[in-house]
Amino acid sequence: MQEFLVEITTTIPEGTEQAEVDSRRAAEAVRAAELAATGNLFRLWRPVGEMRSLGIWRADDETALHEKVLDTLPLRSWMTLKVTALQPHPNDPGKDDAAQ
C-alpha cells in the first residue's frame with residue numbers, strides 16, 4: 001500500500017447539538033480502530049490544543065484513500081483534508097521498519 005501524510009482539520013458546525021458531536025466522536029473512534037486493524041491508519045497525532053490531526057494513512061492509491069478510507073469517517077463532513085503522497089527517502093533511518 002502507498003503511504004500518505006494527511007492533515008485533517010475538524011470544524012464542528014455552529015449550533016450542532018452536543019449529543020450529535022458525542023455520537024459522531026464515538027463512531028469516529030470505532031471507525032479509526034477498524035481502519036488501524038486493516039492497516040489503512042498507521043499513525044495519528046494531534047498538535048497540542050488544536051482540533052487538527054496529522055497522520056500516516058495507507059491505501060492502494062489516492063482515489064482509494066479518499067473513497068474507501070477517509071470518506072468513511074463519521075466526522076468527514078466536518079473535515080477539511082490536505083493529502084500528500086509519500087515515497088521512501090534513501091536516508092530514512094526507519095526505512096527497514098516501514099516494510100513491516
Side-chain angles (χ1 to χ4, degrees):
M1 284 196 279
Q2 187 175 352
E3 292 186 326
F4 300 87
L5 174 65
V6 181
E7 180 179 342
I8 301 172
T9 303
T10 304
T11 305
I12 299 168
E14 207 170 305
T16 303
E17 296 286 332
Q18 189 60 46
E20 181 178 354
V21 174
D22 294 344
S23 175
R24 284 195 189 206
R25 283 186 174 155
E28 187 83 8
V30 170
R31 185 63 182 138
E34 293 169 350
L35 291 168
T38 61
N40 295 109
L41 174 55
F42 181 62
R43 295 295 309 266
L44 194 60
W45 300 268
R46 173 173 286 154
V48 175
E50 297 185 31
M51 287 296 290
R52 183 170 65 99
S53 63
L54 301 168
I56 303 296
W57 296 75
R58 295 175 170 161
D60 290 333
D61 55 39
E62 192 166 343
T63 298
L65 176 70
H66 285 280
E67 293 177 357
K68 297 179 181 178
V69 179
L70 299 173
D71 288 351
T72 70
L73 297 170
L75 293 172
R76 176 63 186 97
S77 64
W78 297 348
M79 295 174 169
T80 56
L81 307 172
K82 179 179 177 186
V83 175
T84 304
L86 301 173
Q87 65 183 22
H89 190 286
N91 298 331
D92 178 6
K95 65 183 171 199
D96 294 332
D97 296 336
Q100 297 178 6

Colleague: Please say whether more than 12 non-hydrogen atoms of neighbouring residues, nucleotides or ligands are located less than 6.0 Å from CD in Gln18.
Modeller: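 Buried by this count: over 12 neighbours within 6.0 Å.
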
Colleague: Between Glu3 and Phe42, what is the shortest heavy-atom contact and its length?
Modeller: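 Minimum heavy-atom separation between Glu3 and Phe42: OE2-CD2, 4.4 Å.
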
Colleague: Cluster question for you: counting only ILVMFWY and a side-chain heavy-atom cut-off of under 4.5 Å, with indirect links fine, are Leu41 and Leu54 together?
Modeller: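 Leu41 does not cluster with Leu54.
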
Colleague: Can I get a per-line list of side-chain donor-acceptor pairs under 3.5 Å for residues 63-74, giving both atom names and the distance, sequence neighbours left out?
Modeller:
{"unit_1": "Asp71", "atom_1": "OD1", "unit_2": "Arg76", "atom_2": "NE", "d": "3.3"}
{"unit_1": "Thr72", "atom_1": "OG1", "unit_2": "Arg31", "atom_2": "NE", "d": "3.0"}
{"unit_1": "Thr72", "atom_1": "OG1", "unit_2": "Arg31", "atom_2": "NH2", "d": "3.1"}
{"unit_1": "Thr72", "atom_1": "OG1", "unit_2": "Val69", "atom_2": "O", "d": "2.6"}

Colleague: Hydrophobic clustering (ILVMFWY, side-chain heavy atoms < 4.5 Å, transitive) - are Val6 and Leu44 grouped together?
Modeller: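 Per the 4.5 Å side-chain linkage, Leu44 and Val6 are co-clustered.
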
Colleague: Does anything in residues 5-15 form a salt bridge (Lys or Arg N to Asp or Glu O under 4.0 Å)? List the pairs, not counting sequence neighbours.
Modeller: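 Every pair satisfying salt bridge (Lys or Arg N to Asp or Glu O under 4.0 Å) with a residue in residues 5-15: Glu7-Arg52.
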
Colleague: Given Arg24 and Ser77, is the side chain to side chain donor-acceptor pair (under 3.5 Å) satisfied, shown in steps?
Modeller: CA-CA 11 Å; Arg24 284 195 189 206; Ser77 64; 2.9 Å; yes

Colleague: State the CD1-CH2 distance between Ile12 and Trp78, to the nearest 0.5 angstrom.
Modeller: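 It is 5.5 Å, given to the nearest 0.5 Å.
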
Colleague: How many angstroms lie between atom OG1 of Thr38 and atom CZ of Arg58, to the nearest 0.5 angstrom?
Modeller: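 Thr38 atom OG1 to Arg58 atom CZ measures 10.5 Å (nearest 0.5 Å).
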
Colleague: Going from CZ on Arg46 to CE on Met51, what distance comes out if it is rounded to the nearest 0.5 angstrom?
Modeller: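 Reported to 0.5 Å precision, the distance equals 5.5 Å.
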
Colleague: Tell me the closest heavy-atom pair linking Gln2 and Asp61, and the distance in Å.
Modeller: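 Of all heavy-atom pairs spanning Gln2 and Asp61, the closest is OE1-CA, 4.1 Å.
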
Colleague: Would you kindly confirm whether Leu5 and Trp45 end up in one hydrophobic cluster when ILVMFWY residues are joined by side chain heavy atoms under 4.5 Å apart?
Modeller: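 Yes; Trp45 is reachable from Leu5 via cluster members.
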
Colleague: Looking only at heavy atoms, what is the nearest atom pair of Ser53 and Pro47, with distance?
Modeller: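 Residues Ser53 and Pro47, closest heavy atoms: CA-CD, 4.3 Å.
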
Colleague: Return a table of donor-acceptor pairs under 3.5 angstrom between the side chains of residues 79-86 and protein atoms on other chains or two or more places apart.
Modeller:
none

